[in-house]
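This report concerns only the one structure given below.
Every heavy atom of this structure was used, including side-chain atoms; hydrogens, water molecules and symmetry mates were not.
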There are 2 protein chains.
Amino acid sequence: MPDAIPAVHSPTLGKDLLDELPAYDLIELFFFAYRDFVSDPDRILDEYGFGRAHHRVLHFVDRQPGLTIAELLDILRITKQSLNRVLKELIEKDFVESRMGTSDRRQRLLYVTGQGHDLALKLAKLQTRRILGALADLEPEAKELVSSYLLRVIDPDDREHVERLVFGAGKT
Amino acid sequence: MPDAIPAVHSPTLGKDLLDELPAYDLIELFFFAYRDFVSDPDRILDEYGFGRAHHRVLHFVDRQPGLTIAELLDILRITKQSLNRVLKELIEKDFVESRMGTSDRRQRLLYVTGQGHDLALKLAKLQTRRILGALADLEPEAKELVSSYLLRVIDPDDREHVERLVFGAGKT
DNA sequence: ATTTTATGTCAGCCTTGTTGACATATCTCA
DNA sequence: TGAGATATGTCAACAAGGCTGACATAAAAT
């Protein structure tokens, strides 16, 4: 079937062809790369009786101490019932703690505990080894390019939010 | 806590710091980008009563007509019971068909049907729009760089397999 | 002829998502 | 102050898509 498609380098057709020819290479690479990216933490999480859902919560709470439930729901885009299930376990096992808000006492502000931070860091380092290691043989500007590429894959409406979250956290 | 870490640009420490400082930016961008990357197909799959698991099967069968069950299991890395559940549905709804192997009659060779191919293509184009669109304002060599980056994120043991699968499919 | 391989299938369990309904405490605003 | 909005918690039920273990069959391989 690809045989029927004429040589690609005609400048007049460039834009249309992008719409027509699926980028199977990137689609599949993305799939496999992401799978391996999340697989590293899985083994360790198992030892603690946690899953990926716990990892996500722990990660974002570690990154943004004092995060509220509402903010976390907004980041994860799951229902409060789903969140509550894993959050409750993280709190019971003393990896996260929830304090009453000071200005608004309805809010719960989330913080990681000592061992919560240790685990979050351990998992982040594992993933870091893989995703920075992958840059090793590439040009020095590769990291900048990859991260600006990934940012552009994100929905335009969320980009600003993600940018604040990713590049603005920890400093606040 | 980041305050305790000394200024980063000392050349002697470069390598060690890579091991120590988690790449939160890439970790999070990867997370958000992948989420949006898979979200596009979800809406359409819903209309057919399919989920992501069906999408993956349909995709790889579309890409590699004549795929066997064993090969598919190897690509997806799930159990045959999990695969069978979604595969059965795809076959019942006439998106995929399974023919007896010719050389080895124990094997089942999988093929997409007409509507199976149409759906697979529709989904691939949706994802293509996003992941090629994200290249729009970047340098021309960005695509090559991103795809070689993603390849390097994949487990070294699988890289060759994935390369064959990604760059060698459809031609066979 | 026996064993191995490729696949199918039954039954049950887990994680993580969903919806809907309802409870409580606190804040906001008229 | 009092009514309503907001932030969170919780109960119950369900669905998708993973998993394990056990067992069945047909065909290939030895």
In whole angstroms, how far is the [atom2] atom of [N] from the [atom1] atom of [X]?
| X | N | atom1 | atom2 | answer |
| --- | --- | --- | --- | --- |
| B/L73 | D/dG18 | CG | C1' | 13 Å |
| A/L45 | C/dC14 | CG | C1' | 15 Å |
| A/L83 | D/dC11 | CG | C1' | 17 Å |
| B/N84 | C/dA11 | CG | P | 15 Å |
| A/D104 | C/dC27 | CG | C1' | 6 Å |
| B/E71 | C/dT5 | CD | P | 17 Å |
| A/E89 | C/dC14 | CD | C1' | 11 Å |
| B/L67 | C/dA6 | CG | P | 14 Å |

Quick one: sort the B/H59 and B/H55 rings into parallel, tilted or perpendicular, breaks at 30° and 60°.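 Judged by the thresholds at 30° and 60°, the geometry between B/H59 and B/H55 is perpendicular.
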
Please evaluate the base of [N] for a donor-acceptor partner in the side chain of [X] within a cut-off of under 3.5 Å?
| X | N | result |
| --- | --- | --- |
| A/Q81 | C/dG20 | yes |
| A/R106 | D/dT8 | no |
| B/K80 | C/dG8 | yes |

Sugar-phosphate, base or nothing in reach of B/S98, heavy atoms under 4.0 Å: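 If one applies the 4.0 Å heavy-atom cut-off, B/S98 turns out to touch nothing in the nucleic acid.
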
For A/R52, which contact category applies under a 4.0 Å heavy-atom criterion: base, sugar-phosphate, or nothing? sugar-phosphate

Validation row, ring centre A/Y48 to ring centre A/F95 under 6.0 Å: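 Ring centroids of A/Y48 and A/F95 are less than 6.0 Å from each other.
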
Under a 4.0 Å N-O cut-off, is there an ion pair linking B/R129 with B/D40? no

Among [options], the nucleotide that comes nearest once only the side chain of [X] is considered:
| X | options | result |
| --- | --- | --- |
| A/R85 | C/dT16, D/dA22, C/dA6 | C/dT16 |
| B/A53 | D/dG18, C/dT4, D/dT8 | D/dG18 |
| B/R108 | D/dA28, D/dG17, C/dT7 | C/dT7 |
| B/I78 | D/dG9, C/dT7, D/dC19 | D/dC19 |

Tell me whether the guanidinium CZ or amine NZ of A/R99 lies under 6.0 angstrom from the six-membered ring centre of A/Y111 and within 45° of its axis. yes

Looking at [N], I'd like to know if its phosphate oxygens (OP1 or OP2) sit under 4.0 Å from a side-chain N or O belonging to [X].
| X | N | value |
| --- | --- | --- |
| A/S82 | C/dT16 | no |
| A/R56 | C/dG17 | yes |
| A/H54 | C/dT16 | yes |

Looking at every non-hydrogen atom in both residues, tell me the closest pair between B/L26 and A/L132 and how far apart they are.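 Closest approach of B/L26 to A/L132: CD1-CD2, 4.0 Å.
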
